Amino acid sequence: MRQFEFILRRILTSLFVLIGVSIMTFFISRVIPTNAAAMYIGPKARQEDIDRVTKQLGLDKPLPVQYMIYMNQLLHGDLGDSISTKRPVLVEITSRLPASLELLFSGMLLATLIGVPLGVLSARWQGKLPDTGVRAISIMGVSMPAFYLGLLLQIFLFRDLHLLPLAGRVSGDLQFTHPIQPITNFFLIDSLLTQNWIALKDVALHLVLPALTLAAYPIGLIARMTRAAMLEVLEQDYIRTARAYGIRDSVVTYLYALKNAISPTLTVIGLTFAYALTGTFFVEIIFDWPGLGLFTVRSLLAVDYPAIMGMTLLGAAGYVLINLVVDVLQAWIDPRISLK
Amino acid sequence: MEIDTTVSVPQVESTRTFRHVLAVIARDPLSLASTIVIVLFVLIALFAYQVAPHPDEGAGKTNVSNTMLAPSWDHPFGTDLLGRDMLSRVIIGAQPALIVPIGVVLFAVLIGAPLGAIAGYKGGWVDEIIMRVTDLFLAFPSLLLAMAIASALGRGLDKAAIALVVSWWPWYTRLTRGVTISLKERYFVEAAQAVGVNDWVIIARHILPNTISPVLVQATVDLGTVILAMGGLAFLGLGTQPPAPDWGLMVSDGRTYILNQWWIATFPGIAIFVVVLAFNLLGDTLRDIFDPRQYR
């Protein structure tokens, strides 16, 4: 019951945060620019267009009224039309969402699969060579700009070793030889569902470099958090008891200790999602990945204001949602949290 | 996301002074090396125009007869498409890429720390208002917020810097508030209250000076991240505008030629990596001495 209450309370706070987020984006999009109407039309704004948009957005009205108009549009899913593509921003975003999510989840999965074992290894051999090695890897991972790491990987794995494709989501000729039927628009899932093995291999190979680039930073953070949490757990009495019973060291580490160290690690995984969200922007440019990041960056360059503001709002909303999910998951894994 | 890390009221030990920090850094070879690297980079950045072999090309003057030269004795980092000496451009590019982020963190601290001290000391509705406002800012991924603000303000180095300050100050408000709440219980603050010292004087004279060490540590840890963010904004074309040099912008320019003229993107990229690595290594050691996160 307590857990249920906690989750409900957490959902309510998230709603308040979302309202706060909408106030922030309202200010950034309508109040900060000296001529918001002109920014919504684009570079070739005529006076009558500016007057029309000023009326439409209610920019001549007092701020609270403007905010109500803004909220009303938001709740109707109206984020305005993109200046460069002339299509509704919401359509542009939802059509690109699967590509970005596929990259984001692959990257985070990779980061977890590499980061957690590295952290465990580091804790088990504390102060020894593996620990130092993992520390070096994680510090380098968080120090490397994603946009530079992507280039390095392209040089070595594409140009020098010819191992992986340079960029893009699929090979150019795949749509003629083994086209992927769009079902979910997550290419991995779609090619699996239709048992299109050649496409699956092609998609997976294209995913490796971008996902790895995206994962570099989270790997460092996750490894260090896992290490810290493991070290704390390994000092507990019950671990000593387990050891005293003669249970094998590996069983103690991987089964008994890791289970209780996973909760703080989960928090860090949630937090790094925020990084990964903006990280995809750089990764998508480098690897020409047809997702939201590439769209956002093109919008930034073209000063496509409605698109930029739509992405900002969506990014923040996604972040709030991820935090909510992590908190709920944590309360579920560790019921003590909901008692606080 | 609230992680409960409440520790019993942290007592800042008198040994943990500035001199103590210097001693620890001097004993640890990695931290010492990082400090030297940072000081060296900052000095080079400050005297960029005196150090650069071709300051005019570094600033943007083209030299088409030298286009795309590979690294050599004359041009250790090679030249770019417009024939400009890359070494000079990396050196002058250190100003927006390194000095500006230091300024960004400084301003974020100057805005964030006093607000945090006021929130923590006054408590009540003042605290409530200040902290709810920081929550608004922290609801966004920092870089996303910075991108949105930078594009609302228009392109340029100054605008990117302002955008970063706006999205970073709340972190210092949170930190300082935590430190202030634990300082409030200390005898010297209670003594000042007892003799009737004005609240604002207590905050300015007794609270803020004692928050400096954790804030300084956090600032060092954050600098790496802010340099990366600044590089990212420049890479996206939201920071420094050409022909002026900036590491992030140069990596972006060199991206087109990465498979053949690898040097154009490589050296500015390495510069970012090395400087951020140095700040992270140093920040790591500092965090071990006094963990600023214990106050959150």
Side-chain angles (χ1 to χ4, degrees), chain A residues 17-18 20-21 23-25 28-29 32-33 36 39 135 139-140 142-152 154-155 158-159 166 217 264 267 270-271 273-275 277-279 281-282 285-286 296-297 299-301 303 305 308-309 311-312 315-316 318-320 323-324 326-327 330 337 340, chain B residues 1-6 30 132-133 135-155 166 224-225 227-229 231-233 235-238 247-248 251-252 254-255 258-260 262 265-266 268-270 272-281 283-284:
Chain A
V17 174
L18 277 181
V21 162
I23 295 176
M24 286 280 290
T25 47
I28 299 172
S29 59
I32 295 181
M39 300 214 39
R135 183 179 177 223
I139 288 209
M140 288 205 293
V142 295
S143 303
M144 182 65 98
F147 51 86
Y148 181 53
L149 178 65
L151 293 181
L152 287 183
Q154 280 180 330
I155 293 181
F158 167 76
R159 190 192 68 177
L166 178 67
Y217 189 91
T267 311
L271 283 173
F273 250 107
Y275 159 79
L277 218 62
T278 38
F281 291 10
F282 300 103
I285 308 171
I286 298 286
T296 310
V297 172
S299 310
L300 283 173
L301 292 180
V303 202
Y305 210 60
I308 297 169
M309 287 309 138
M311 265 310 297
T312 309
Y319 185 38
V320 172
N323 281 345
L324 175 68
V326 168
D327 278 4
Q330 254 189 332
I337 286 176
K340 277 169 192 158
Chain B
M1 186 174 325
E2 288 299 325
I3 322 162
D4 191 44
T5 48
T6 31
L30 260 181
R132 290 301 81 80
V133 171
D135 283 349
L136 283 189
F137 283 83
L138 296 176
F140 289 82
S142 308
L143 193 57
L144 186 69
L145 184 61
M147 278 178 194
I149 296 173
S151 66
L153 294 172
R155 277 177 226 180
V166 171
T225 319
I227 293 171
L228 281 182
L233 289 181
F235 179 83
L236 297 178
L238 286 173
W247 295 344
V251 175
S252 168
R255 194 168 72 83
I258 191 69
L259 295 181
N260 300 308
W262 52 269
T266 298
I270 290 177
I272 299 180
F273 175 62
V274 168
V275 131
V276 174
L277 188 67
F279 272 113
N280 282 342
L281 283 170
D284 222 31

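Quick note on labels: first sequence line is chain A, next is B, and so on, each numbered from 1. Hydrogens, waters and symmetry mates are skipped; everything else that's a heavy atom, side chains included, is used. Model, not experiment: these values are computed from the prediction.
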Part of [X] within contact of chain A (heavy atom distance under 4.5 Å):
X        : value
B:Ile227 : neither
B:Thr266 : both
B:Arg132 : neither
B:Phe235 : side chain
B:Phe279 : neither
B:Ile149 : both

State, yes or no, whether a side-chain contact exists between [X] and [Y] at a heavy-atom distance under 4.5 Å.
X        : Y        : result
B:Val251 : A:Phe147 : yes
B:Leu236 : A:Phe282 : yes
B:Trp262 : A:Leu151 : no

Measure across [X] and [Y] and return the closest heavy-atom pair with its distance rounded to 0.1 Å.
X        : Y        : value
A:Ala316 : B:Pro141 : CA-CD, 4.3 Å
B:Leu228 : A:Ser143 : CD2-O, 3.9 Å
B:Ala152 : A:Ile28  : CB-O, 3.6 Å
A:Met309 : B:Ala148 : CE-O, 3.8 Å

Is chain B contacted by the side chain of [X], its backbone, both, or neither, given a heavy-atom distance below 4.5 Å?
X        : result
A:Val297 : side chain
A:Thr312 : both
A:Ile285 : both
A:Met140 : both
A:Ile139 : both
A:Leu300 : both
A:Ile23  : neither

- Task: Go through the steps for A:Leu149 and B:Phe273 under the test side-chain contact (heavy atoms from CB on, under 4.5 Å), then give the verdict.
- Result: CA-CA 10 Å; A:Leu149 178 65; B:Phe273 175 62; over 6 Å; no
- Most contact-rich option vs chain B, by heavy-atom pairs under 4.5 angstrom, among A:Ile286, A:Leu277, A:Val17, is A:Ile286
- Query: Out of curiosity, B:Leu145 CG to A:Tyr319 OH, how far, rounded to the nearest 0.5 Å?
  - Reply: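 Rounded to the nearest 0.5 Å, the CG-OH separation comes out at 11.5 Å.
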